[in-house]
Q: 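I am attaching a structure below and will ask some questions about it afterwards.
Only a predicted model underlies this, so the values are computations on that prediction, with no experimental measurement involved. When reading the values below, keep in mind they use all heavy atoms of this one structure, side chains included, and skip hydrogens, waters and symmetry mates.
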Amino acid sequence: MNPFKSYVFTWWQLGLLKTSMLALGLALGATWPGAFARWRAILWVVFLIPAIYLMVISFQQM
């Protein structure tokens, strides 16, 4: 089993994935705000670096 193989999803499957990730994020944010408080800066960095990278790549491909 190779977890790094390429996958092909339809638009509605990606919509389901994004909806489930949003729900997980909201559930964790509503349930455990104190548990992640000291990790907030690291979590922002983990979010921002890939987000900026992907935005640059996306704009280059337009």
Side-chain angles (χ1 to χ4, degrees):
M1 185 168 115
N2 182 6
F4 301 111
K5 70 177 185 171
S6 296
Y7 297 96
V8 177
F9 294 109
T10 62
W11 65 269
W12 62 268
Q13 290 171 326
L14 285 178
L16 287 175
L17 176 65
K18 289 180 180 187
T19 302
S20 68
M21 291 293 105
L22 176 65
L24 176 64
L26 289 172
L28 290 176
T31 307
W32 297 337
F36 295 107
R38 61 184 171 153
W39 295 91
R40 188 171 296 143
I42 294 170
L43 291 172
W44 274 110
V45 170
V46 168
F47 164 73
L48 285 173
I49 291 174
I52 292 169
Y53 171 75
L54 291 172
M55 282 180 14
V56 169
I57 296 299
S58 297
F59 286 132
Q60 286 177 351
Q61 293 182 9
M62 283 186 183

Q: For Leu14, enumerate each residue passing the side-chain contact (heavy atoms from CB on, under 4.5 Å) test, keeping only those at least two apart in sequence or located in another chain.
A: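 Counting only residues at least two positions away or on another chain, Leu14 forms a side-chain contact (heavy atoms from CB on, under 4.5 Å) with Phe9, Leu17.
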
Q: Residues two or more places apart in sequence or in another chain: which of them pass side-chain contact (heavy atoms from CB on, under 4.5 Å) with Leu28?
A: Leu24, Trp32

Q: Could you list all the side-chain hydrogen bond (donor to acceptor under 3.5 Å, both in side chains) pairs where at least one residue sits in residues 11-26, not counting sequence neighbours?
A: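 Qualifying pairs: Thr10-Trp12, Thr10-Gln13.
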
Q: For residues 35-62, pull every pair meeting side-chain hydrogen bond (donor to acceptor under 3.5 Å, both in side chains), keeping only residues two or more places apart or in separate chains.
A: none

Q: Applying side-chain contact (heavy atoms from CB on, under 4.5 Å), can you list everything that pairs with Ile49, at least two apart in sequence or on another chain?
A: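 In terms of side-chain contact (heavy atoms from CB on, under 4.5 Å), with neighbours along the sequence ignored, Ile49 is linked to Val45.
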
Q: Going by side-chain heavy atoms closer than 4.5 Å, which hydrophobic residues are tied to Leu22, directly or by a chain of links?
A: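 Result for Leu22 is Leu26.
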
